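Just so you know, these numbers use all the heavy atoms, side chains as well, and skip hydrogens, waters and symmetry mates. These numbers were taken from a predicted model, which means no experiment stands behind them. Read the numbers this way: they start at 1 and go in the same order the structure lists the ligands and their atoms.
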Amino acid sequence: WQDRGAAVGVRREVAPDGTVTTRPVKKGVKDFNFGQTLGEGSYSTVLAATDRSNGREYAIKVLDKRHIIKEKKVKYVNIEKDTLNRLTDHPGVVRLYYTFQDERSLYFVLDLCQGGELLGVLKRMSTFDEECTRFYGAQILDTIEYMHSRGVIHRDLKPENLLLDGNRHIKVTDFGTAKLLPERRNSEGRADFEPDSTSTENRASSFVGTAEYVSPELLTDKNACKASDMWAFGCIVYQLLAGRPPFKAVNDYQTFQKIVGLDYEFPRGFPEVARDLVERLLVLDPQRRLSLEHAKNHPFFTGIQWGRGLWEQKAPRLK
Ligand SMILES: NC(=O)c1nn(CC2CCNCC2)c2c1CCc1cnc(N=C3C=CCC=C3)nc1-2
């Protein structure tokens, strides 16, 4: 398993006869003080950690090699690493700084998000007002645009995977079930990606996702495309304003029935302009679903400063 990330330093050694040798230095477990557990998966644990040399705080995802092999998850670990290696320069994506390993585990050194899950904040507030929904919706949409431009379909977007950093800005995480569109070189030799299309070719084939946010095309023909992330986005905007996801039943099977039947209603008082946006996103046919560009230009996002400004402004007070 190829570690990722340049050596994070060099050690100079001076021999008795004065010759100097420099050796690349990679960080290892001993360079960190590990703190609280932030999350646990079937083959990984995420811990808060502090770099002992400079006090910088990180989240370190520790993956147990034996478990990965036993549960046949090697593919997912490599997808996550390759995806994070593609998504290196956007404020809305949890950044992978470097990796290292020892005989038992793999270690991903990632951004620490002190604000926890957006879902936790939503549960405490019960619902977000329009201003907060517009701000967080815009940051999520801006991040989806970046991921798609880098040929990445997340496929499991949901409030649990939307974290908040120390400024209460969004950080998307958990790319183990992402779909990486094939990379190609364009005429200038720069990295480009197969155009994703909602028709059947260029589509992912394995089934993933969390029931409440799974798109109908994933349920009917087991294929995900970029429009699948837009469906999940529609569910998230609805949930921020309503305090619950649009499709929720007593079990996953009945939730799936609601999705493919487009069986949902808006609560009284749901803002009209947001309702129009959600109705254009929760469209069964992925080819007729609102595109990312049209979503950014929807009246609900009037007043949003897209691009760098969106990430430099203060997050609205959660009222
Ligand atoms: N699966 C991951 O990659 C991952 N999992 N977590 C914790 C999960 C807890 C359950 N919901 C999804 C996230 C993280 C990461 C990335 C890196 C990462 C960075 N910061 C935090 N911070 C948290 C702070 C408080 C509570 C939960 C998470 N968490 C993570």
Side-chain angles (χ1 to χ4, degrees), residues 1 4-5 27 29 32-51 55-65 67-68 71 73-101 105-125 136 139-140 143 146-147 152-180 208-213 229 232 235-236 239-240 245 311 315 318:
W1 189 73
R4 180 250 179 185
K27 295 271 184 191
V29 178
F32 295 91
N33 288 333
F34 287 85
Q36 69 175 91
T37 297
L38 301 171
E40 308 217 46
S42 57
Y43 55 88
S44 67
T45 302
V46 182
L47 300 159
T50 306
D51 183 329
R56 280 200 198 119
E57 293 186 295
Y58 297 97
I60 298 187
K61 187 168 187 174
V62 187
L63 301 104
D64 184 285
K65 288 181 178 176
H67 257 90
I68 292 171
E71 298 193 20
K73 299 288 184 184
V74 174
K75 179 183 112 178
Y76 290 97
V77 173
N78 285 320
I79 287 173
E80 180 166 22
K81 184 167 66 82
D82 296 344
T83 304
L84 289 167
N85 285 342
R86 262 199 207 180
L87 305 177
T88 52
D89 53 354
H90 190 280
V93 177
V94 163
R95 190 170 150 206
L96 172 66
Y97 292 92
Y98 43 83
T99 63
F100 53 82
Q101 59 183 302
S105 307
L106 307 173
Y107 301 85
F108 287 16
V109 180
L110 299 153
D111 274 325
L112 173 65
C113 302
Q114 294 92 336
E117 298 174 2
L118 184 67
L119 182 68
V121 176
L122 180 63
K123 282 184 174 163
R124 285 197 296 279
M125 312 279 303
Y136 284 110
Q139 288 207 331
I140 297 163
T143 309
Y146 171 71
M147 293 191 286
V152 171
I153 306 173
H154 188 284
R155 296 200 298 182
D156 195 16
L157 285 173
K158 54 185 176 179
E160 295 89 327
N161 287 340
L162 301 173
L163 301 178
L164 297 174
D165 66 12
N167 299 316
R168 280 188 293 110
H169 283 189
I170 285 284
K171 289 260 185 218
V172 176
T173 188
D174 213 344
F175 291 89
T177 53
K179 177 66 192 168
L180 284 176
V208 280
T210 303
E212 288 77 8
Y213 308 89
D229 283 344
C235 294
I236 291 165
Q239 182 169 356
L240 295 181
W311 298 90
L318 293 162

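Separating the CD atom in Q239 from the CD atom in E212 is a distance of 8.5 Å, to the nearest 0.5 Å. Rounding to the nearest 0.5 Å gives a distance of 8.0 Å between CG of L157 and CD1 of I140.
Considering only non-hydrogen protein atoms, atom 14 (C) of ligand 1 sits nearest to V46 CG1, 3.8 Å. For atom 19 (C) of ligand 1, the closest heavy atom belonging to the protein is D111 O, 3.1 Å.
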So Y43 and V77, side chain to side chain contact (heavy atoms under 4.5 Å, CB included) or not? Walk me through it.
CA-CA 10 Å; Y43 55 88; V77 173; 3.7 Å; yes
Under the side chain to side chain contact (heavy atoms under 4.5 Å, CB included) rule, what do L118 and L163 come out as? Steps first, then yes or no, please.
CA-CA 6 Å; L118 184 67; L163 301 178; over 6 Å; no
Can D111 and D165 be said to form a side chain to side chain contact (heavy atoms under 4.5 Å, CB included), step by step?
CA-CA 9 Å; D111 274 325; D165 66 12; over 6 Å; no
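Among T173, V172, L162, L163, the residue whose heavy atom lies closest to atom 30 (C) of ligand 1 is L163. Atom 22 (N) of ligand 1 has its nearest heavy-atom neighbour, among G39, S44, C113, A48, in C113. When the heavy-atom distances from atom 10 (C) of ligand 1 to E117, E80, E160, K158 are ranked, the shortest goes to E117. Heavy-atom proximity to atom 17 (C) of ligand 1, evaluated over G120, A59, G115, G116, is greatest for A59.
The parts of L38 lying near ligand 1 are both backbone and side chain, judged by heavy-atom distances below 4.0 Å.
Residue L110 places no N or O, backbone or side chain, under 3.5 Å from any N or O of ligand 1. Checked by distance only, ligand 1 and K61 come closer than 3.5 Å through their nitrogen or oxygen atoms. Polar contact check, N161 against ligand 1: no nitrogen or oxygen pair lies under 3.5 Å apart.
Judged by distance alone, with hydrogens and angles left aside, the side-chain atoms of Y146 form a donor-acceptor pair with the main-chain N or O of D89 at under 3.5 Å.
Atom numbering of ligand 1 starts at 1 in the shown order; those under 4.0 Å from a heavy atom of D174 are 1 (N).
Within the 4.0 Å heavy-atom shell around ligand 1 one does not find K171.
Ring geometry for F100 against Y107 counts as parallel: the plane angle stays under 30°, on a 0 to 90° scale with 60° as the upper cut.
L162 is not listed as a side-chain neighbour of T143, based on a closest heavy-atom distance of 4.5 Å or more.
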